[in-house]
Amino acid sequence: MLDPREIRENSSFIEKGLGRRGLKVDLTSLRNHSKRLKELENQRTKLQAEGNSIGKEVGVKIRTGCEPSSDEVMLLKNKGNQIKTEVSLIEEEERTLAKSIKDQILHYPNIPYSDCPDGKGEIDNIQIRTWGTPLKGEGYKEHWQIAEELCLLDTERSVRIAKSRFVTLLNHGAKLERSLINFMLDVHTAKGYTEILPPVLVNTASLEGSGQLPKFAEESFRCSEDNLWLTPTAEVPLTSLHRNEIIPFESLPIKYVAYTPCFRREAGSYGKDTRGLIRLHQFNKVELYWFVDPANSKEAYKQITADAESILQYLELPYRVMELCTGDLGFSASSTHDLEVWLPGANSYREISSCSICDDFQARRSSIRTRKGKKTQLVHTLNASGLAIGRTMAAILENGQQSDGSVKIPEALVPYFGQAFIKAEQS
RNA sequence: GGAGAGGUGGCUGAGUGGUUGAAAGCGGCUCCCUGCUAAGGAGUUACAGGAGGCAACUCUUGUCGAGGGUUCGAAUCCCUCCCUCUCCGCCA
């Protein structure tokens with residue numbers, strides 16, 4: 001959430017920032033409403049102070065022997081009633097005003113960093129580095145073809161179970177998925193991350209707190225009977241793990257790693273990536289999440305990105321790092337580095353991790369603070385996929401494919417997977 | 001699903017209409033003592049908003065699950081909602 005005070009006092013900065021995302025926003029009326037709200041608050045506070053002192057006066061008079069029905073007391077009571085009426089009128093105006101202000105602010109995304117490249121969309125993202133040597137050439141199969149040949153998944157029967165865009169992993173496919181989850185969790189916990197296994201049904205406040213609501217309701221699955229949602233990413237429960245908390249300063253940074261299934265409705269993506277493991281309603285992900293002292297967040301951003309990259313390096317998967325332009329930035333992020341893995345079958349790079357710094361945007365929405373000296377201060381939050389499991393499997397299948405139809409498993413994963421190759425006859 | 005209990009400060013737990021933002025204890029912090037010593041003493045210890053002082057700070061409003069209501073005045077009375085716990089039933 002943007003800072004309401006900043007909107008009152010520095011609205012042109014906010015307008016420019018949102019403008020860089022391609023949003024034409026005029027904050028004049030919001031700013032005026034916000035100022036008006038402050039005025040009303042001040043007025044009400046003064047009246048309440050007056051009312052309180054009258055109340056005390058009445059109490060003192062009655063205790064010192066005044067008749068409750070004496071003129072003296074009645075006069076004060078009337079005054080009190082009068083104030084009460086005035087206060088309730090002000091409160092009513094405040095309520096409507098505050099609600100409309102909050103509704104608007106919650107719809108505004110985070111302000112991009114000044115060094116975030118300007119741009120309209122994906123094509124304006126900037127490649128900042130690459131790792132590994134991409135396999136290029138004719139004859140590489142796409143992962144879904146390999147998976148079908150090796151009987152690692154069943155798409156058609158998944159429609160029977162659920163609907164399209166769901167997948168059932170079979171045999172070595174299921175085991176590969178599981179071994180990837182374990183491998184990633186082990187790598188990250190060895191680096192000092194605390195492992196978390198959170199609920200994947202989350203309430204509305206949690207989604208609002210991390211920025212998925214109110215704007216992206218159509219992207220999440222909802223259990224309307226219970227007013228809960230299926231989490232679209234572990235970022236949501238992990239943010240809410242400390243919602244409405246003041247985290248002791250010495251506990252920072254807090255570094256969590258969580259494996260969760262993730263659920264997305266993928267509204268509007270009909271026809272895209274219809275085969276295989278790339279775009280599903282349900283997929284597995286290992287997520288990294290940091291709560292940090294704002295003074296250290298830039299450094300943390302580098303580190304969390306490096307931690308996500310390390311998985312790709314262990315798995316010997318070539319990738320590039322893209323800096324997202326302002327037009328492609330997610331709602332809560334100030335800056336994002338996407339990791340894109342090379343898929344030789346698809347002959348393209350494909351997003352496999354998104355590493356974002358959100359500054360105090362989520363912390364303000366979720367009220368997560370720390371105490372520095374006497375003052376409380378919002379923390380900064382960061383998140384990174386470390387990694388999306390299904391896409392990692394796709395990358396392993398495509399990069400490890402052999403001319404005999406088998407797939408070579410990256411060495412680092414062999415202890416988890418139990419064998420160095422997946423071969424057709426085994427499946 | 002049935003029956004009941006309850007939501008108060010970092011924690012335990014008092015508090016049924018008037019200096020109660022809240023007793024007491026624990027914990028935390030600061031200082032003192034150092035022959036009651038695997039101790040003792042004194043003080044302090046919520047959050048948010050606003051006004052004023054460069055500042056330590058002062059004043060003020062709101063908050064005792066949330067929202068309404070009654071009242072000059074509510075943690076305390078009334079209503080609605082949410083949540084938690086216990087027992088029974090069912091169940092991975």
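Letters A, B, ... are given to chains in the order of the sequence lines, protein chains preceding strands, and every chain is numbered from 1.
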Just how far, in rounded Å, is C1' of B:rU19 from NZ of A:Lys61?
-> 16 Å

Do the ring planes of A:His242 and A:Tyr256 sit parallel (below 30°), tilted (30 to 60°) or perpendicular (above 60°)?
-> parallel

Would you say a side-chain N or O of A:Arg371 is under 4.0 Å from OP1 or OP2 of B:rC29?
-> no

Contact class for A:Ile62 vs. all strands (heavy atom < 4.0 Å): base, sugar-phosphate, or nothing?
-> base

Side-chain donor-acceptor contact under 3.5 Å, A:Glu195 with A:Tyr259 | no

Taking atom C1' in both B:rA23 and B:rG15, compute the distance separating them and give it to the nearest angstrom.
-> 8 Å

Sticking with atom C1', work out how far B:rC26 lies from B:rC81, rounded to a whole angstrom.
-> 35 Å

Atom pair distance, as rounded to whole Å: CG in A:Leu47 and C1' in B:rC72 | 15 Å

Run the salt-bridge test on A:Glu39 and A:Arg36 with the 4.0 Å N-O cut-off and return the result as yes or no.
-> yes

Select one nucleotide: of B:rC72, B:rG49, B:rG68, the one nearest the side-chain heavy atoms of A:Asn81.
-> B:rC72

Going by the side-chain contact (heavy atoms from CB on, under 4.5 Å) test, name the single residue among A:Ser356, A:Cys355, A:Ser353 that passes it with A:Ser385.
-> A:Ser353

How is A:Asn78 classified with respect to the nucleic acid when contacts are heavy atoms under 4.0 Å: base, sugar-phosphate, or nothing?
-> nothing

Report which part of the nucleic acid A:Lys84 touches: base, sugar-phosphate, or nothing (heavy-atom distance under 4.0 Å, all strands).
-> base

